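Some notes on the structure that comes next.
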Amino acid sequence: VAVESSAVSTLGVAYLGTVILIRDITAEKEVDRMKTDFISTVSHELRTPLTSVLGFAKLIQKKLDESIFPLIQTDDKKVKRSVRQVSENIEIIVSEGTRLTKLINEVLDVAKIEAGKMQWNMDTLSITEVIDRAFSATSALFEQKGLAPIREIATDLPNIYGDKDRLIQVVINLISNAVKFTEKGSITCRVKHDHQSITVSVVDQGVGISESDQPKVFEKFKQVGDTLTDKPQGTGLGLPISREIIEHHGGRIWVESELGKGSTFSFTLPIQKTTEGDGKAPIPSI
Ligand code: ADP
């Protein structure tokens with residue numbers, strides 16, 4: 001729509017007109033909606049068969065390890081090689097299936113976030129519980145690599161207002177990245193607070209990230225350093241999703257790192273303020 005007019009102002013400056021441009025974005029919004037619906041549908045359709053493929057692969061792996069391999073007592077080199085190959089192959093199916101499940105879940109999360117369709121279950125919660133749950137979920141990873149988990153958590157932490165499962169997802173992502181990129185030493189989770197916010201840091205002594213790569217790790221599908229060549233491949237979506245989750249809570253997330261020395265990923269969350277003496281429920285500070 002173009003609106004035009006002309007006049008001469010009191011200062012004698014010729015006023016030639018006004019142009020108003022109105023762009024119809026109905027069609028663009030419709031395409032966005034269709035794109036998100038398509039991604040959600042495809043992700044759901046992929047997840048269902050994958051869950052059973054992965055479930056049965058894990059079952060076969062368990063049966064082979066517990067009941068079948070121990071029965072095969074032989075000195076025949078050919079048989080021994082076949083047993084080793086079967087064992088390695090099933091391990092690959094399970095680990096690649098797990099990676100594909102993670103990728104599908106993360107693509108689904110990104111689609112929901114971008115469409116503003118992420119469901120948030122906000123409530124008053126303790127960050128200590130979030131950290132405990134994240135450590136329990138990653139305990140097998142620590143055992144596999146022989147790394148020590150360390151907690152340095154202040155005792156007088158105030159509550160926060162947030163989505164517990166989504167915050168656990170963030171801490172699991174930071175801890176599992178720390179384990180993935182660390183070969184020896186410890187992973188420390190540090191939590192402190194001031195009168196406005198809680199800060200959670202996950203500190204590792206791993207490969208580290210160069211200064212120029214640090215801003216890139218929060219971009220979608222970005223994997224930096226040597227991680228593409230010699231590390232188990234990830235999705236490059238964990239950190240962008242974590243950033244969306246933290247920013248939705250009114251916090252921020254960042255990394256400090258030195259190549260070869262380790263990385264510290266930290267995020268803040270606003271603490272929950274209470275309305276003084278009015279007897280009402282606490283209100284979130286965001
Ligand atoms: P993913 O780990 O699935 O690849 P993320 O978004 O969680 O995806 O991480 C993106 C990239 O950031 C990783 O591939 C890696 O290159 C780098 N990165 C993340 N955390 C660490 C860490 N603790 N130490 C070194 N590099 C890291």
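Order of appearance sets the numbers: ligands from 1, and atoms from 1 within every ligand. Worth saying up front: this structure is predicted, and the values here are computed from it rather than measured.
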Counting only heavy atoms, tell me which of [options] gets closest to [atom].
| atom | options | answer |
| --- | --- | --- |
| atom 12 (O) of ligand 1 | Val202, Val217, Asp204 | Val217 |
| atom 7 (O) of ligand 1 | Ile175, Leu174, Asn177 | Asn177 |
| atom 8 (O) of ligand 1 | Gly236, Ala178, Ser242, Gly262 | Gly236 |

For residues 65-84, the side-chain hydrogen bond (donor to acceptor under 3.5 Å, both in side chains) pairs (sequence neighbours left out) are none

Nitrogen or oxygen of Gly238 less than 3.5 angstrom from that of ligand 1: yes

Here the salt bridge (Lys or Arg N to Asp or Glu O under 4.0 Å) pairs for residues 243-260, sequence neighbours left out, are Glu258-Lys261

With heavy-atom distances below 4.0 Å as the criterion, list the atoms of ligand 1 near [X].
| X | value |
| --- | --- |
| Lys222 | 10 (C), 11 (C) |
| Ser263 | 24 (N) |
| Leu237 | 6 (O), 8 (O) |

Q. Is the shortest side-chain N to carboxylate O distance from Lys216 to Glu219 below 4.0 Å?
A. no

Requested in this report: Flag the pair Asp132 and Arg151 as a salt bridge only when some basic side-chain nitrogen lies within less than 4.0 angstrom of an acidic carboxylate oxygen.
Outcome: yes

Honestly, for Thr182 the part within reach of ligand 1 (heavy atoms, under 4.0 Å) is neither

